[in-house]
Every structure is written in structure tokens, then in C-alpha cells.
Amino acid sequence: MEYRPQEIEEKWRSYWKENKTYQTPTTSDKPKYYVLDMFPYPSGAGLHVGHPLGYIASDIFARYKRLSGFNVLHPMGYDAFGLPAEQYAIQTGVHPAASTAENVGRYRQQLDKLGFSYDWDRSVNTSSPEYYKWTQQIFIWLFDHYYDTAADKALPITELIRQFEEKGSAAVAAAHSHEEHFSAADWQGFSAQEKEEVLMNYRLAYRKVGYVNWCEELGTVLANDEIKDGRSERGGFPVVQKPMMQWALRITAYAQRLLDGLETVDFSEALKTQQRNWIGRSEGAELFFLTENKADKIEVFTTRPDTLFGVSFMVLAPEHELVQKLTTAEQKEEIEAYLHYVEGRSERDRMMDVKTISGAFTGSYAIHPFTGKKVPIWISEYVLAGYGTGAIMAVPSDDERDQRFAQHFGLDILPVVDQSDYPHAEVGQKIGKLINSDFLNGLEVKAAIPKAIEKLEALNIGQRKVNFRLHDANFSRQRYWGEPFPISYDAEGLTQVETALPVELPELDNFQPTADGHSPLARVESWVNTPEGRKRETDTMPGFAGSSWYFLRYMDPQNENAPFSEEAVNYWQDVDLYLGGAEHAVGHLMYSRFWHKFLYDLGKVPSQEPYKKLVNQGMIQGIIEQIYMLKEKNEAGQTVFVSADRIAEYGGEEAFALLPVHIDFVSNYGQEDSHLDQEGVAKFLAWRPSYANAEFIYNEAEQLVTDSEIGKMSKRYYNVVNPDDMVALYGSDCFRLYEMFLGPLEDSKPWNTSGISGVAKFLRRLWLLFYSPEGEWLVQKETPTAKERKALHHCIKQVQQGLESFSLNTCVSDFMKLSNELRDLNCHKAEILEGFVLLLAPFAPHLAEELWQALGHQESVFKTGAFPSFNPAYLVEDSIVYPVCVNGKKRAAIELANGLAQEAIKEQALALEDIQKWIEGKTIRKVIVVPKRMVNIVV
RNA sequence: GCCCGGAUGGUGAAAUCGGUAGACACGCAGGACUUAAAAUCCUGUUGACAGUAAUGUCAGUGCGGGUUCGAGCCCCGCUCCGGGCACCA
């Protein structure tokens with residue numbers, strides 16, 4: 001009998017399906033363990049070899065936990081709302097629901113071939129009304145709550161209203177967007193619209209003016225992803241920032257808790273640092289400057305109140321609400337021109353481009369609160385509207401950006417911090433002594449900060465303030481393929497909650513947004529107008545809505561009365577292990593932690609944090625091959641392609657655009673000398689007939705050398721490698737082992753199949769430990785030798801360690817080593833081989849089942865097997881040879897009983913005479929014993 | 001630009017506690033079996049030098065410094081590559 005993976009795997013997959021081997025009961029005597037994968041967006045390109053990397057690792061871990069006696073929840077679903085399906089619909093007219101369903105079907109087929117232990121009865125799809133009904137429900141809860149900073153939790157908005165009715169705004173301590181003060185009597189007198197406006201200032205889901213990337217020529221709102229260098233990627237048209245009423249989520253209310261929660265979870269330090277930086281907590285002071293005519297207050301936030309005497313100008317963000325008011329008649333033209341320039345720059349451009357210094361003077365002045373001096377007020381794009389108060393006090397002597405700005409525009413620079421005691425200090429570093437600063441003179445920066453704040457508070461012009469870089473999440477998208485808001489507006493424009501859920505997406509055949517930038521939903525009048533005479537919100541929710549709580553739905557996926565039952569969530573609690581890409585570090589992971597804390601405040605989940613442990617798998621990268629195409633056509637009107645080694649003759653990089661080509665066309669792809677040969681060019685032309693009459697400039701070898709780089713595997717680069725072919729050729733056990741063998745789980749690496757034969761070889765050799773090449777059953781019942789047991793138990797130890805630390809690549813090496821050892825020992829003992837099968841079961845489940853059965857077991861190894869326990873007694877050695885080193889240099893070796901090295905030194909059992917010879921009269925300073933390594937004598 | 005990672009033979013990598021660098025594989029070279037090829041098996045495989053050989057010596061973990069008896073690992077300064085930067089998911 002030969003090893004035929006395809007037959008074995010097909011057989012066991014049917015067995016698992018028929019016997020519902022992986023069905024997970026919601027209650028059990030066993031302890032629970034929840035292993036979660038980040039669910040995929042089902043893209044049109046299908047599953048590529050990168051997806052399974054994490055799925056295989058989590059499946060291995062889930063099976064390991066199952067074999068270790070846990071009731072394991074290991075589900076899979078689809079994050080099915082998203083932009084690509086909508087764009088596809090715009091191009092082809094195929095309804096997003098149809099293309100999504102098709103893609104989901106293909107993903108399922110591909111996933112099924114990899115032998116995962118998912119409980120498919122628990123699958124979810126964020127685009128199904130049964131699911132998004134509850135996403136809408138959670139949105140309503142967010143809308144109906146505010147964040148009470150005294151209670152430090154979300155409370156019902158009715159509670160806020162009660163407080164306004166009784167005491168007005170003064171008594172309220174709550175997260176809000178801007179300051180407002182009113183009495184209980186004022187509140188009673190407010191109109192319905194005014195009340196709504198006030199409440200919007202507090203709701204956790206609220207509506208405000210936000211900016212979108214607007215492309216007039218395309219007549220559509222664009223994602224940042226669709227913009228390159230300030231222009232639309234498609235067509236290259238200008239993009240401007242356009243204000244629109246948008247929904248937002250008040251994630252900032254949870255900033256401190258999101259920060260604190262990081263202390264309680266097991267994420268990598270790198271990821272925690274990224275989240276901390278994203279939240280961006282900074283301590284300082286908030287204070288205001290009065291304008292010259294004392295009519296307006298300009299609020300600023302600063303981390304350096306100690307440098308107040310160095311303020312020589314102020315800068316407002318171009319979007320700041322006071323800009324129009326402060327602009328004088330003489331400066332109007334200049335400010336308008338500047339605002340127009342800024343309109344064309346995305347936030348990303350503004351942050352990335354620090355070389356270009358730009359700004360304009362409003363013509364107005366503010367009064368310095370301490371010195372009473374006039375301070376000119378400027379606007380500039382380096383001040384961001386979304387951070388702090390959208391205005392800064394500029395201290396050019398002690399802030400690099402302010403300094404560059406002052407130098408560029410010839411503004412005063414007043415030195416206030418003397419850093420001469422610190423020769424290596426940099427501008428802006430919080431060290432030095434204050435000078436030219438009145439009551440702060442002579443103080444160290446650290447002491448001056450609290451003193452300055454004290455003064456601000458005494459003068460009643462400012463106070464201590466903690467500021468966060470995190471800003472509220474924009475929650476509106478002008479798209480069709482997302483969750484509709486359960487919101488409508490009545491004749492007076494008042495916001496109403498639609499309580500009949502789900503609010504379903506209407507049918508549609510034109511997916512183009514409307515001319516004024518609204519979602520295509522705005523065109524469906526029958527849907528927009530409700531029977532009660534209200535108009536529905538036509539924006540939809542962003543991709544992160546559905547993915548912010550899906551892991552809770554898996555606990556109770558069919559529940560029709562609630563997102564999940566109390567019983568289910570009390571049993572499953574939270575996710576024990578979450579596996580997914582690091583690219584979600586600050587997006588999805590932040591939003592879902594926020595939603596979870598909100599649900600915790602509502603008493604709907606028992607834990608503060610959704611994910612106990614997070615492991616980020618690296619990205620499987622692809623080779624991106626591109627050919628150089630001259631931007632200008634030649635005189636004959638032909639497109640010209642030039643071999644990469646000859647582009648200098650045609651004007652160099654600048655003159656060319658890069659055109660990605662299918663990697664299959666490229667010879668030696670990924671190598672230095674990657675190129676299209678004549679055959680490759682023929683394939684290219686067959687693929688892109690529109691270039692049939694293009695001119696090709698080859699090199700001397702008649703090749704068109706390509707530009708080869710490593711990057712994302714993506715449909716747009718034509719470099720997607722599909723796992724199906726690999727699985728068909730080698731079987732999924734082999735594929736699973738190979739993906740793990742490829743390297744550390746957390747590293748990114750380019751896909752490369754050249755090593756898979758080694759894994760295939762291992763599996764065949766393993767099979768030969770059970771069956772002779774003639775098909776004879778070789779397994780014997782005899783008691784194993786000490787050597788055989790040592791080999792097995794060493795492997796158990798290594799593999800267990802590997803599993804616990806997600807070093808799965810070394811596990812595969814350990815298997816190969818054990819297999820080689822058993823072959824050299826000619827070992828076919830049942831005890832050893834059974835242990836091997838159990839060890840291997842999480843990694844190669846099909847083969848393990850087959851061999852488990854062959855060893856005489858009736859039922860699935862995942863029902864009857866247990867992960868082997870390591871017995872250290874089998875590894876004990878009588879003695880170990882220690883190198884004896886002097887100052888690290890090896891001088892001799894001694895054999896000492898295991899564990900006795902320390903004693904040996906103490907009792908001077910080492911031949912001191914010999915040591916004296918090596919150290920030539922020097923005295924011994926230290927004797928270092930490195931356990932199981934060496935004895936080092938330091939002289 | 002800012003934030004977070006990474007760099008070890010021809011290649012993927014191992015060395016998870018600062019302690020014998022290169023485990024385990026791929027590839028390559030040589031050999032066995034074979035009419036031949038494939039498959040399989042065996043041997044070798046960081047570099048330089050010395051030696052008939054066993055082996056020995058020196059150098060070596062992107063670059064330049066530092067700490068330490070000892071550094072792939074820790075510290076300082078770079079280079080290159082990857083990920084993220086709030087509407088891709």
C-alpha cells in the first residue's frame with residue numbers, strides 16, 4: 001500500500017462531514033477555548049496562498065487544544081460588505097450580492113480542501129440581513145447612549161436628558177465634541193431641533209460635518225486608497241476635500257480605557273506600541289488667547305505650557321471655524337487662495353510633506369496672556385483640524401516645525417529654553433533651563449510645566465488637559481454595499497430611529513453614486529421615503545461595522561431575538577486566541593475593542609477586552625513584475641516598451657510608467673535577470689491584444705528585462721498564487737506542513753514552492769515506518785528501547801514548546817528529525833508510532849486519522865486521541881561533557897554527572913593544577929557555569 | 001514625513017535565557033542502483049589558509065562604533081527592505 005494523499009484526504013473529509021466531528025456544543029463539562037481567525041473579505045481573485053497561512057496555524061492550535069481536552073470554538077465566516085464588490089458592480093452591472101455570494105461559494109470550496117476543523121454551522125456573513133440586523137441594533141444602542149465621564153461608562157441618553165432638565169449643562173460630566181453652557185430653563189426653552197443638536201454633541205453615534213475626498217470629474221467620493229498624489233487613481237483627476245454631513249462614532253470617549261486595556265491583554269509589544277501611538281495620549285494644558293479686539297477666544301492645546309513666553313505667532317488649521325471671521329479685508333485674497341490650495345491636499349499629503357512650508361497671514365492679532373504683546377494669527381496646513389483644538393501657539397525657538405515656519409516667513413524667534421547644559425539635546429526635547437520667561441526663569445523644564453499650568457489656572461485662562469491623537473471614527477460611506485443606517489429624518493429634519501429591523505438594502509441596478517456625491521441609495525425613492533413620510537439616511541456603514549462584533553455572533557449565530565444570548569456569551573466569554581494580519585493593528589482591532597467595551601458598559605458581555613491573546617501572521621508576498629512603458633507614444637503613434645536595462649537611453653525612470661504583467665509570462669521572475677523572452681512577449685500580447693502594434697525595445701539578448709519587486713499578492717499585480725494547484729498535486733496535509741515550514745509565522749515572506757518536495761518526502765518516509773514499500777504492515781507491539789523513547793520524547797518536548805510559542809516551522813523540522821531518527825533506528829514500535837501520530841495530528845489531520853485507524857482505533861483521533869505528554873525521565877543523561885574555558889576560550893573538556901557542574905566547581909573537583917597552567921599565574925576572578933553548556937573561568 | 005517590524009550560507013531558515021552560529025530542508029556537486037531516464041538511497045556543501053588524511057587555525061550573522069570573560073541576540077549611529085498612517089479589507 002502506497003501513500004496516496006488525495007484518496008486519504010477525500011475519505012476523511014467526508015467522514016468529518018458525516019460525523020459532524022467538529023460540531024461545537026455551546027455547553028460542555030470541558031473547559032472552553034476560543035480560537036478565532038480574522039475572517040476574510042471574499043474577493044473576486046479567490047483565496048490565495050497567503051490566506052491559509054494564518055488559518056492553518058490557528059487550525060493547528062485549535063486541534064491541539066481539542067486533543068488537550070478543551071471544548072474548542074473555531075468558526076469561520078465572511079466580511080462580505082466592501083468596496084471591491086461595489087466597484088465590480090459599477091463596471092459590470094453584476095449585483096454585489098450576486099458576486100459576493102459567488103465569491104463566498106468559491107472561498108468555501110477552497111477552504112474545504114485544506115482540512116480545517118471549522119464548525120460551519122456557526123458561520124456568519126456580515127452582508128446577510130439576519131446578521132446586519134444586529135449591527136444596526138448596536139448602532140442604535142450607540143446612538144441612544146452618551147459617555148458619562150464621572151461614572152466612566154456609557155449611560156442611556158435619557159439619563160443625560162434628565163440631568164439637562166434638572167440642572168442644565170453645568171452638572172453634566174460627559175464626553176462631547178464642543179463646549180456648550182445652558183441652564184435647565186434654557187433647555188426647557190430649546191426647540192426640538194436645538195435639543196437634537198445639543199444631544200448630538202454627546203451621543204456615542206452622532207452626526208456632524210465631515211470631509212470626504214471628492215472627485216468632480218468622476219462625480220464620486222473616493223477612498224484614500226483610490227487616490228495617488230492628490231489625483232484619482234482612475235483617470236488622474238483632481239480630488240478635493242468636500243464637507244458633508246456624516247455619522248461618526250465617539251471612540252475618543254474610550255481613549256483612556258482603550259489605552260489601559262492594553263495592559264491586560266497578551267498582544268505583542270510592537271502591536272501594543274502601535275495602538276498606543278495611534279491613541280496618542282499627551283499631557284499638557286489647554287488655554288485660550290483673546291483676539292486683539294477681545295471678541296473671540298482661540299483655544300489651543302500645548303504639551304509645553306512652560307514655553308509660553310516664546311510664543312511669537314499663532315497658527316490655525318485652514319478649516320478652523322474662526323478663519324473667515326479673523327481674515328481682514330486686505331488679507332482676504334491671500335487667505336482665499338491658500339484655502340483653495342489646501343482643498344486639494346489630503347490629510348496624508350499634509351502630514352507627509354514637511355519640506356513644503358506654506359501658510360497665510362489672516363491679518364488679525366491675538367493678545368499674549370502673560371505679556372500682553374500682539375501675536376499675529378496665521379493659517380497653515382501643518383496644523384490639523386482634527387487634532388487638539390485645531391489651533392496652536394507657535395514657539396519657534398523650541399519646536400522644529402514652528403521654527404521652520406518662522407524662518408520661512410520671517411517671524412520672530414524668542415529663545416526661552418537654555419539647553420547649553422545638555423550638549424546633545426535636540427530642539428523640542430523637554431530638558432533645559434527657562435530663560436526670558438519672567439516667573440519661570442531658572443526653572444528646569446520639568447518643574448516649569450506645572451508652574452505654568454498653575455498660573456494659567458489662577459488667571460482662569462487655561463487648565464491641565466490630557467489630549468489624544470485618536471479622533472472620532474467617521475462612520476458614513478456614500479456607498480451602496482454596506483449596512484443601511486436604521487435612521488430617517490422627519491419633515492422638520494429631526495433624526496428618527498427606525499426600530500423595525502433589519503432596514504434592508506433595496507434592490508438596485510445602477511450602482512453609480514448620485515451626481516452630488518450621495519450613495520446610489522438616494523436614487524431609490526420608494527426606499528428613501530418611508531410610509532410614515534420620513535426620508536431615510538442614504539449613507540451606509542463602513543467596513544469595520546460588521547467586523548467589530550462578529551466574534552460574538554459566532555457564539556450564538558442563529559439567534560433571532562438578540563445578537564447573542566446571555567447563556568452563550570457567559571460560556572464562551574471572549575476570544576482566547578486571535579490570529580490575523582498585523583495590517584489590522586490600528587483599524588479593526590481598535591474599533592472592535594471599542595465596541596466591546598461599549599457592550600460591556602451595557603452589561604451585554606462579561607469581559608472588558610474581546611481578545612485575550614493576539615498573534616499576527618506575516619504576509620505571504622508575491623513577486624510583482626512590471627514592464628517599462630514610455631509615457632509618450634512614438635512618432636508612429638505606437639506604445640513603446642523598453643527593456644529595463646536600456647531605459648537610460650530613453651530618458652530614465654521619469655519618462656516611463658510601469659505596467660504590471662502576469663508573472664506567468666516572465667522568465668526567472670523574482671530574480672535579478674527577470675525578463676520577457678519572445679514567448680513571454682507573445683503571451684503578453686495574447687493577454688493584452690490592445691498592445692498588438694506596440695514597439696518593443698529589447699536588450700542584446702533579445703529580452704525585455706522587467707522590473708521585479710516583492711509586494712502584496714493582489715489581483716491588480718496579476719501575481720496571485722492559488723493554493724488549489726498545490727493541494728491537487730501534493731495533498732492538503734503536505735500543503736499545510738509546507739506553509740508552516742516556510743518560516744516564522746509572524747514574518748512576511750515571498751511565496752516560493754521550491755521546498756515543498758522536502759515535506760512530501762517526509763510524509764512518504766513517515767508512511768514507510770508503518771507500511772513496507774510492498775504494502776506490508778510493519779508495526780510491532782514490542783516495548784521500545786531507551787533510544788527510541790528518547791527520540792520520541794525529545795520531539796514531544798520540542799513540538800509542545802513550538803506550539804505554545806507559535807514557532808510552528810520548527811515543529812515541522814522536529815517531525816522530520818524524528819522521522820529520520822526512527823528510520824535510522826529501524827523502529828516500527830506501536831508505542832512510538834502512536835505518539836508520533838498524535839503529535840502530528842494537528843498539523844496533518846488526514847494522514848493522522850488514516851494511521852490512527854490503521855493502529856486499531858475505531859473513531860476519529862480528534863474524539864479518542866489525546867496529545868502525548870512529555871516524560872522528562874526519558875531524556876535524562878548520566879553525564880554531560882563540559883568544555884572548560886578561560887575567558888571564553890576553550891581549553892579542555894571534562895565529563896561531569898548531569899546537574900553536578902555547580903558542585904564540581906564549589907568542591908574544586910576540577911584539576912586546579914591544569915587550570916593554573918592555562919591562566920599563567922593570573923588570579924581567578926569568577927567562575928561561570930552555563931548550565932548544560934560550559935564552565936568558564938574568568939581571569 | 002511619522003509609527004511598527006525585519007536583515008544570518010547559493011535559497012527558506014534554526015539558535016525564544018547573552019554561552020559550541022548555520023539544526024531541519026531546498027538547491028548544487030559527487031557516488032550507488034539502472035541499458036537509460038525518473039524515482040530512491042549514500043556522501044559532501046559558510047569562507048580562507050595549512051595538512052595525504054583525521055583534523056587544525058583564522059575570519060564570519062546588512063554597515064560603523066560600544067558594553068561584556070563572551071554579542072546574531074543588549075546599547076548608540078547608519079543603510080536597505082516590508083507593514084500601517086484613520087474611506088482597501
Side-chain angles (χ1 to χ4, degrees), chain A residues 38-43 79 81-84 87 210-213 221-227 246 251 268-278 280 347-355 386 469-479 482 542-544 547 581-588 590-591 616 618-619 621 709-712 714 716 738 741-744 746-750 752-759 761-762 764-765 773 801-802 805-807 809-810 812-817 820 883 885-890 925-926 928-934 936-939:
Chain A
M38 285 185 190
F39 62 168
Y41 173 79
S43 91
D79 185 17
F81 273 134
L83 199 51
Q87 283 168 331
Y211 288 85
V212 296
N213 303 310
V221 172
L222 294 177
N224 286 343
D225 213 43
E226 301 171 286
I227 304 170
Q246 309 257 328
I251 188 173
S268 72
E269 267 316 304
L271 192 125
K272 286 186 184 180
T273 309
Q274 267 193 76
Q275 289 219 349
R276 284 190 195 110
N277 291 340
W278 184 258
E347 196 168 333
R348 177 98 59 102
D349 293 334
R350 290 168 59 173
M351 286 190 299
M352 273 168 67
D353 183 6
V354 296
K355 286 188 194 114
R469 201 179 70 96
L470 181 73
H471 54 241
D472 283 344
N474 181 346
F475 202 61
S476 281
R477 301 291 181 268
Q478 293 68 39
R479 311 278 183 188
F544 68 80
S547 61
E583 65 272 21
H584 298 284
V586 288
H588 160 66
M590 193 70 83
Y591 297 126
N616 290 120
M619 190 172 283
Q621 296 158 314
E709 51 182 301
I710 289 170
K712 274 190 184 181
S714 161
R716 75 207 280 190
Y738 181 61
F741 183 67
L742 217 47
E746 312 208 5
D747 287 5
S748 287
K749 52 228 152 200
N752 167 8
T753 56
S754 67
I756 199 168
S757 61
V759 177
K761 205 185 284 179
F762 155 69
R764 271 199 309 274
R765 286 175 177 176
Q801 262 174 22
S805 61
F806 290 89
S807 171
N809 53 331
T810 58
V812 180
S813 294
D814 293 326
F815 291 142
M816 291 177 177
K817 214 182 288 185
N820 290 344
C885 307
V886 177
N887 284 354
K889 296 257 183 222
K890 193 171 152 187
R925 276 170 53 200
K926 244 195 307 192
I928 301 165
V929 181
V930 183
K932 297 198 176 172
R933 285 280 174 214
M934 66 171 169
N936 190 18
I937 293 148
V938 180
V939 297

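Letters A, B, ... mirror the listed sequences (proteins, then strands); counts begin at 1.
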Nucleotide of B:G83, B:A89, B:C87 approaching A:Gln274 most closely (side-chain heavy atoms): B:G83

Nucleotide nearest A:Trp278 (side chain, heavy atoms from C-beta), chosen from B:A86, B:A89, B:C87: B:A86

From CA spacing to verdict: side-chain contact (heavy atoms from CB on, under 4.5 Å), A:Asn616, A:Glu583: CA-CA 9 Å; A:Asn616 290 120; A:Glu583 65 272 21; over 6 Å; no

Of the listed nucleotides B:A86, B:A25, B:C87, the one nearest the side chain of A:Met816: B:A25

Sugar-phosphate only, base, or nothing, as touched by A:Ser268 at under 4.0 Å among non-hydrogen atoms: nothing

Sugar-phosphate only, base, or nothing, as touched by A:Asp814 at under 4.0 Å among non-hydrogen atoms: nothing

Under the 3.5 Å Watson-Crick or G-U criterion, the dot-bracket string of RNA chain B, with | for inter-strand pairs: (((((((..(((......[....)))((((((.......))))))(((((....)))))..(((((..]....))))))))))))....

Touch class at under 4.0 angstrom, heavy-atom based, for A:Val759 against every strand present: nothing

Sugar-phosphate, base or nothing in reach of A:Leu470, heavy atoms under 4.0 Å: base

Minimum-distance nucleotide to A:Tyr591 side chain [options: B:C42, B:C88, B:C87]: B:C87

Aromatic ring pairing A:Tyr738/A:Phe741, orientation class (parallel under 30°, perpendicular over 60°, tilted between): tilted

A:Arg764 side chain near B:U40 phosphate (N/O to OP1/OP2, under 4.0 Å): yes

List every contact pair, protein side and nucleotides 75-82 of chain B side both N or O, where the distance is under 3.5 Å.
residue	atom	partner	partner atom	Å
B:G82	O2'	A:Gln621	NE2	3.2

Nearest-neighbour nucleotide for the A:Ser754 side chain, B:C88, B:C42, B:C26 considered: B:C26

Interatomic distance where CD1 belongs to A:Ile756 and P belongs to B:G27 [whole Å]: 12 Å

Touch class at under 4.0 angstrom, heavy-atom based, for A:Arg469 against every strand present: base

Euclidean distance, atom CE of residue A:Met38 to atom P of B:G84 [Å, nearest integer]: 13 Å

Between B:G5 (P) and A:Lys749 (NZ): distance, integer Å: 18 Å

Sugar-phosphate, base or nothing in reach of A:Phe762, heavy atoms under 4.0 Å: nothing

Sugar-phosphate, base or nothing in reach of A:Asn809, heavy atoms under 4.0 Å: sugar-phosphate

Sugar-phosphate only, base, or nothing, as touched by A:Gly82 at under 4.0 Å among non-hydrogen atoms: sugar-phosphate

Out of B:A89, B:C87, B:A25, whichever nucleotide has its closest atom nearest the side chain of A:Pro84: B:A89

Sugar-phosphate, base or nothing in reach of A:Ser547, heavy atoms under 4.0 Å: nothing

Distance below 4.0 Å between A:Arg276 side-chain N/O and B:C4 OP1 or OP2: no

A:Gln274 side chain reached by A:Met590 side chain, heavy atoms, under 4.5 Å: no

Polar side-chain atom of A:Arg469 near backbone of A:Asn277 as donor-acceptor pair, under 3.5 Å: yes

Nearest-nucleotide pick for A:Arg477, side chain only, options being B:C41, B:C87, B:U11: B:C87

Sugar-phosphate, base or nothing in reach of A:Ala585, heavy atoms under 4.0 Å: nothing

Euclidean distance, atom CG of residue A:Leu742 to atom P of B:U11 [Å, nearest integer]: 16 Å

Sugar-phosphate only, base, or nothing, as touched by A:Pro40 at under 4.0 Å among non-hydrogen atoms: nothing

Sugar-phosphate, base or nothing in reach of A:Gln246, heavy atoms under 4.0 Å: base

Aro-ring/base stack A:His588-B:A89, d under 5.5 Å, angle under 30°: no

Between B:C88 (P) and A:Glu583 (CD): distance, integer Å: 13 Å

